[in-house]
Amino acid sequence: MCEIYFDESLILKDIDVNSREELLRTMATNLFRKGLVKKSFIEAVIEREKTFATGLPTNSVSVAIPHTDSEHVNKKAISVAVLKEPVNFGVMGEMNVEIPVQIVFMLAIDKKDSHLVLLQKLMEIFRNAEELQFLIEENKTNIKKRLANHLQI
Amino acid sequence: MKKKQVLVACGAGIATSTIVNKAIEEICKENNIECDIVQIKITEVGSYVDTADLLVSTTIVQKEYPFPVINARAFLTGIGLDEVKKKILEQLKR
């Protein structure tokens with residue numbers, strides 16, 4: 001699964017934002033500046049989150065997995081943001097329900113099936129309170145190592 | 001018994017539905033059920049109204065369909081997973 005781009009520059013640690021949109025814009029712009037997504041990805045991922053919320057409650061810190069259509073993606077990548085203070089995301093599959101999210105995994109992915117393992121591993125992390133706590137507490141270097149290892153990327 | 005058609009839908013049809021697709025494949029395998037799983041965007045459900053037996057979706061389903069709809073978020077979070085698996089299995093065995 002080495003074709004998924006992930007390095008320390010895609011980890012935004014203790015990021016200080018006031019809104020979900022500001023967070024999504026910051027993360028998406030970072031992916032764009034690295035050439036991993038097209039400029040259109042930025043607005044597309046913000047708009048899509050409004051229609052198809054991606055917040056996921058867990059038994060620990062709530063997470064979100066914003067993503068959008070593959071046409072906006074240049075190269076498969078994953079970006080992680082750990083927020084200083086949580087911002088509200090809609091809950092996936094629920095109408096008008098929001099949760100405070102503190103860890104966000106922005107996915108730049110293309111066609112189906114090519115990232116099943118990555119997604120499955122990601123979901124394992126969501127079910128593991130210890131792993132989520134690790135992401136909150138550790139520095140970028142350790143987060144990069146742990147995630148790359150866990151996600152097999 | 002006629003092979004059931006199961007629609008697995010999410011917003012983009014590429015991310016969360018991939019997980020759910022695989023999970024349902026496994027449920028079928030474990031229970032020796034043959035079914036036709038179709039992974040789609042939620043906006044594409046309309047094309048399957050006449051053929052589908054079940055819709056499993058990670059996103060909000062606003063329209064009414066002639067088949068049952070099951071929320072699949074549990075496959076992503078693990079919360080309430082056994083219950084959702086049971087519900088899907090009940091539909092597949094009908």
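Everything quoted here is computed from the prediction, not taken from an experiment.
- Heavy atoms of other residues, nucleotides or ligands lying less than 6.0 angstrom from CD of A/E71 number more than 12.
- Within a 6.0 Å sphere centred on NZ of B/K87, other residues, nucleotides and ligands contribute 12 heavy atoms or fewer.
- There is no contact between A/T54 and chain B, counting heavy-atom distances below 4.5 Å.
- A/R48 and B/A12 get closest at one heavy-atom pair: NH2-N, 2.8 Å.
- Enclosure of atom CD in A/E130 is not indicated, since only 12 or fewer non-hydrogen atoms of other residues, nucleotides or ligands lie within 6.0 angstrom.
- Both the backbone and the side chain of B/I19 come within less than 4.5 Å of a heavy atom in chain A.
- Other residues, nucleotides and ligands contribute more than 12 heavy atoms inside 6.0 Å of the CD atom of A/E8.
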**Request:** Under the side chain to side chain contact (heavy atoms under 4.5 Å, CB included) rule, what do B/T77 and A/F126 come out as? Steps first, then yes or no, please.
**Result:** CA-CA 6 Å; B/T77 63; A/F126 298 168; 6.0 Å; no

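- The shortest non-hydrogen separation linking A/L116 to B/K22 is CD2-CD, 3.4 Å.
- Residue A/I65 touches chain B through its side chain alone, counting heavy-atom pairs closer than 4.5 Å.
- For B/A74, the part sitting under 4.5 Å from any heavy atom of chain A is the backbone (N, CA, C, O) and nothing else.
- Between chain A and the options B/I42, B/N71, B/T16, B/T58, heavy-atom pairs under 4.5 Å are most frequent for B/T58.
- With contacts defined as side-chain heavy-atom distances shorter than 4.5 Å, the pair B/I79/A/R127 does not qualify.
- Counting heavy atoms of neighbouring residues, nucleotides and ligands inside a 6.0 Å radius, atom CG of A/N88 exceeds 12 of them.
- Residue A/D69 holds its CG atom at 6.5 Å from CD1 of B/I14, rounded to the nearest 0.5 Å.
- In this structure, no portion of B/S57 lies under 4.5 Å from any heavy atom of chain A.
- At a threshold of 4.5 Å between non-hydrogen side-chain atoms, the residues B/R73 and A/P57 count as touching.
- Side-chain atoms of A/E94 and B/I60, non-hydrogen and from C-beta on, never get closer than 4.5 Å to each other.
- The neighbour count for B/N31 CG, taken as heavy atoms of other residues, nucleotides or ligands under 6.0 Å away, is above 12.
- When the shell of 6.0 Å around CD of A/E85 is examined, it contains 12 or fewer heavy atoms from other residues, nucleotides or ligands.
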